[in-house]
Amino acid sequence: MKKIILTTESGADLPVELAVKHNVQVVPMHVIMEGKDHLDGSLPVTDIYDYYERTKKIPSTTSTNSHEYLEFFTKIKNDFPDCVIIHIGYTSKASSSFQNAIIATEELDDIFLIDALNVTGGLTAIVMYAVTLLENEPSIEHAQLVEKIKSKVPKSRLAFVPGSLEFLRAGGRVSNLAYLGGALLKIKPRIELIDGNLVSTKKYRGKMDVVSEKLMRDYLDQYDIDRGQLYLLYSIGLDEMIKQGMNEIAIETGFKNVKWIQAGSMISTHAGPGGFGIAGLEV
């Protein structure tokens, strides 16, 4: 039986300790700042925030290119001859990365690509579902594993609110007029992945502690999330008291395991500091 290797992208924000523990291989995306190309994961997130404070600009981000994918998959094949690779990728609706993976694997065998139609914690939730399936049933056929993973893609739910609208404005995702109105009224958009696209589905008003609780309770009312695992997301700058409060809500609503995930450089470039999010799989 061929060994199955799971892979994903840095935009999943999969914590390093989980990637190492479960042998999930992660290919980096890119953050371009001050003319220098940084691999996602090699650039401290605080450097991005410092850069914005100095320049009022945000770095640009780019996908993993096809050549990098080819090198990435080839190395795995060399390290694990005759293995099967199942790659769970960043949404194709927001990046060219998945298409680049397709191009890279045109002449390679035993590589299966799954478009997770999700990012950050929503992508991690699918990756960790695959990890659990494989560890619970190590003899599972790769075709069966691929189908089970694909069946969970539409059940992964991610919602988040940015700490402020500044980074969204700097990146051209909200207009100056919308930014000024939102800042004046202390409005924060709820952003979700809908069919792989980032969509603002609701607006909250108030300080981040109030908004975070509203988001979490609305999310848990809307979606029947598997109580076995919940992923809570934060970008550097989120108040520790808010994190503690979200933990308490998770416990009171019956979640057995809660894992906090820090937004990496790729996600933080667009979302900015002090954001909060939640992800899980519907039953």
Side-chain angles (χ1 to χ4, degrees), residues 6 8 11-24 86 88 90-91 114 116-138 140 144-161 190-196 198-199 201-202 204 208-235 238-263 267 271 275-283:
L6 299 173
T8 192
D13 290 332
L14 180 67
V16 173
E17 67 271 16
L18 292 182
V20 171
K21 179 180 179 181
H22 301 290
N23 193 32
V24 177
I86 298 177
I88 307 170
Y90 194 96
T91 176
I114 299 171
L117 296 174
N118 227 305
V119 302
T120 187
L123 177 48
T124 279
I126 299 171
V127 171
M128 291 308 299
Y129 171 77
V131 163
T132 302
L133 281 178
L134 187 56
E135 291 182 352
N136 288 344
E137 193 178 344
I140 189 172
Q144 184 182 9
L145 180 57
V146 167
E147 288 308 308
K148 286 190 173 185
I149 297 169
K150 286 182 176 179
S151 74
K152 281 295 179 181
V153 167
K155 293 183 178 294
S156 181
R157 300 297 182 182
L158 165 69
F160 68 92
V161 287
R190 168 178 168 168
I191 299 172
E192 296 187 66
L193 267 288
I194 307 295
D195 296 326
L198 289 161
V199 179
T201 57
K202 192 170 184 177
Y204 295 112
M208 199 61 190
D209 56 343
V210 173
V211 168
S212 296
E213 180 171 349
K214 285 180 180 177
L215 170 67
M216 190 156 176
R217 294 198 183 278
D218 283 353
Y219 174 95
L220 294 177
D221 285 343
Q222 183 175 354
Y223 300 119
D224 184 12
I225 299 298
D226 185 338
R227 260 43 183 182
Q229 181 68 65
L230 186 69
Y231 298 93
L232 298 180
L233 325 172
Y234 74 100
S235 49
L238 184 67
D239 191 283
E240 288 298 319
M241 292 299 291
I242 295 176
K243 293 173 70 174
Q244 182 179 327
M246 299 308 100
N247 273 332
E248 291 171 357
I249 294 174
I251 292 170
E252 79 178 35
T253 50
F255 284 94
K256 298 176 183 176
N257 298 294
V258 178
K259 178 67 178 178
W260 280 93
I261 296 176
Q262 181 190 312
I267 302 298
F276 169 72
I278 180 170
L281 297 177
E282 288 188 285
V283 296

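This one's a predicted model, so the numbers in the text were calculated from it and none came from an experiment. By convention here, the first residue in the shown sequence is residue 1.
Shown here are the side-chain hydrogen bond (donor to acceptor under 3.5 Å, both in side chains) partners of Asp239, two or more places apart in sequence or in another chain: there are none.
Although no hydrogens or angles enter the test, the distance criterion places no donor-acceptor pair under 3.5 Å between the side chain of Ser235 and the main chain of Ala263.
Side-chain contact check for Leu158 versus Thr120: some heavy-atom pair is nearer than 4.5 Å. Side chains of Leu117 and Thr91 form a contact here, defined as non-hydrogen atoms less than 4.5 Å apart. Met246 places none of its side-chain heavy atoms less than 4.5 Å from the side chain of Tyr234. Residues Val127 and His22 have side chains not in contact (no heavy-atom distance under 4.5 Å, counting atoms from C-beta outward). Under the 4.5 Å side-chain criterion, counting only non-hydrogen atoms from C-beta, Leu232 is in contact with Phe276.
Annotation: the span from Lys155 atom NZ to Asn118 atom CG amounts to 14.0 Å, rounded to 0.5 Å. We find the CD-CD distance between Gln144 and Glu137 to be 5.5 Å, quoted to the nearest 0.5 Å. To the nearest 0.5 angstrom, Leu198 atom CG is 5.5 Å from Phe160 atom CZ. Between atom NZ of residue Lys214 and atom CG of residue Asp209 there is a gap of 10.0 Å, rounded to the nearest 0.5 Å.
Closest of all the heavy-atom pairs between Ala159 and Tyr219 is CB-CD1, 3.9 Å. Contact between Trp260 and Leu233 at its shortest, heavy atoms only, is CZ3-O, 3.9 Å. For the residue pair Ala250 and Val258, the shortest heavy atom distance occurs at CB-CG2, 3.6 Å. For the residue pair Glu213 and Ile249, the shortest heavy atom distance occurs at CG-CD1, 3.7 Å. Taking all atoms of both residues into account, the shortest heavy-atom contact from Pro15 to Ile261 is CG-CG1, 4.1 Å. Considering all non-hydrogen atoms of both residues, Leu14 and Ala19 come closest at CD2-CB, 3.8 Å.
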Practice item. For the pair Leu18 and Val24, evaluate side-chain contact (heavy atoms from CB on, under 4.5 Å) and give the outcome as yes or no after the intermediate values. Key: CA-CA 8 Å; Leu18 292 182; Val24 177; over 6 Å; no
Practice item. Give the C-alpha distance, both sets of side-chain angles, the deciding distance and a yes or no for side-chain contact (heavy atoms from CB on, under 4.5 Å) between Thr201 and Ile191. Key: CA-CA 6 Å; Thr201 57; Ile191 299 172; over 6 Å; no
Point to revise | Worked check of side-chain contact (heavy atoms from CB on, under 4.5 Å) between Leu220 and Phe255 | key: CA-CA 11 Å; Leu220 294 177; Phe255 284 94; 3.7 Å; yes
Check your understanding: Would Arg157 and Ile278 count as a side-chain contact (heavy atoms from CB on, under 4.5 Å) if you check the C-alpha gap in whole Å, the side-chain angles of each, and the deciding distance to 0.1 Å?
Key -> CA-CA 8 Å; Arg157 300 297 182 182; Ile278 180 170; over 6 Å; no
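Here Glu17 does not pair with Lys21 in a salt bridge; the nearest charged N to carboxylate O distance is not below 4.0 Å.
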Under 3.5 Å, which donor-acceptor pairs do the side chains of residues 147-154 form with other protein atoms, sequence neighbours left out?
{"from": "Ser151", "atom 1": "OG", "to": "Lys148", "atom 2": "O", "distance (Å)": "2.6"}

What side-chain donor-acceptor pairs closer than 3.5 Å can you find for residues 221-230, not counting sequence neighbours?
{"from": "Gln222", "atom 1": "OE1", "to": "Arg190", "atom 2": "NH2", "distance (Å)": "2.9"}
{"from": "Tyr223", "atom 1": "OH", "to": "Glu192", "atom 2": "OE1", "distance (Å)": "2.8"}
{"from": "Asp226", "atom 1": "OD1", "to": "Gly228", "atom 2": "N", "distance (Å)": "2.8"}
{"from": "Arg227", "atom 1": "NE", "to": "Thr253", "atom 2": "O", "distance (Å)": "2.9"}
{"from": "Arg227", "atom 1": "NH1", "to": "Ile225", "atom 2": "O", "distance (Å)": "3.1"}
{"from": "Arg227", "atom 1": "NH2", "to": "Thr253", "atom 2": "O", "distance (Å)": "3.3"}
{"from": "Gln229", "atom 1": "NE2", "to": "Asn257", "atom 2": "O", "distance (Å)": "3.3"}

